[in-house]
Structure formats: structure tokens, C-alpha cells
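Okay, structure first, notes after.
Along the sequence shown, residues are numbered consecutively beginning with 1. The figures here come from the full heavy-atom set of this structure, side chains too, leaving out hydrogens, waters and symmetry mates.
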Amino acid sequence: MMQNVKKSKTISTRVTKDISDRAKANLAKMGLTVSEYVRLSLIKAANNEVKLVSFLDSPEAQQAKYEDQHHMAETIGDIDDFEKWTENLDED
């Protein structure tokens with residue numbers, strides 16, 4: 001007779017230490033660990049019970065979308081141009 005053995009799968013992801021620390025703190029307030037939260041989230045996804053998050057819900061995102069659709073966005077160029085552009089953000 002064959003035994004019914006449950007197998008598990010390990011899933012990993014990378015986030016910054018700040019994100020990890022804040023997530024742990026907020027989840028702890030609800031009595032959850034990060035692993036428990038991810039496991040419960042994956043169960044919901046497997047059961048097709050996931051409501052997708054819209055990243056366009058904030059006023060800032062709506063403004064950026066409007067600017068892009070109306071050709072008001074600044075074109076930065078290649079990755080080197082982007083790095084130079086981001087360095088200037090702190091100077092303003």
C-alpha cells in the first residue's frame with residue numbers, strides 16, 4: 001500500500017531589507033509571518049480568488065498616465081541618460 005505523502009515546494013523572492021522589515025512588522029500586527037502570508041496568498045491564487053491590485057489608483061499614477069497619454073512625458077534616452085537624470089533629481 002502506497003502512503004499518501006504531501007510534498008511541498010519552496011518559493012523565494014528578493015526584496016529590500018526595508019520592505020522585508022516593514023512587511024514583517026505590519027504582518028506581525030495581524031499575527032502572521034511573511035511565510036504564512038505568502039502561503040495564504042498562494043492558496044487564494046490557486047483557487048482563483050485573487051483580486052488584482054491596480055497600480056493606477058493613486059492620484060500620482062493617474063497624473064503620470066495622463067501626461068504619458070498626452071505626450072507630456074519627458075524622454076530620457078538610454079540607461080546612461082537615465083542614471084544622469086536620476087542624479088539630478090536630488091539637486092532640485
Using side-chain contact (heavy atoms from CB on, under 4.5 Å) as the criterion, list what pairs up with [X], not counting sequence neighbours.
{"X": "R22", "answer": "D18, I19"}
{"X": "L40", "answer": "L32"}
{"X": "S20", "answer": "V15, K24"}
{"X": "D81", "answer": "I76, D78"}

* Asked: Under the salt bridge (charged side-chain N to carboxylate O under 4.0 Å, His left out) rule, what pairs show up with a residue in residues 30-49, not counting sequence neighbours?
  ->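 Salt bridge (charged side-chain N to carboxylate O under 4.0 Å, His left out) check on residues 30-49 returns K44-E49.
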
Check H70, K65, Q63, H71 against E67 for a side-chain hydrogen bond (donor to acceptor under 3.5 Å, both in side chains) and give me the one that passes.
->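 Per the side-chain hydrogen bond (donor to acceptor under 3.5 Å, both in side chains) rule, the option paired with E67 is Q63, out of H70, K65, Q63, H71.
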
The residue among L27, N26, L42 that forms side-chain contact (heavy atoms from CB on, under 4.5 Å) with Y37 is L27

By salt bridge (Lys or Arg N to Asp or Glu O under 4.0 Å), K17 pairs with (sequence neighbours left out) D21

| message | Taking I43 as the starting point, is it possible to reach V38 by hopping between hydrophobic residues whose side chains are less than 4.5 Å apart? | response | no

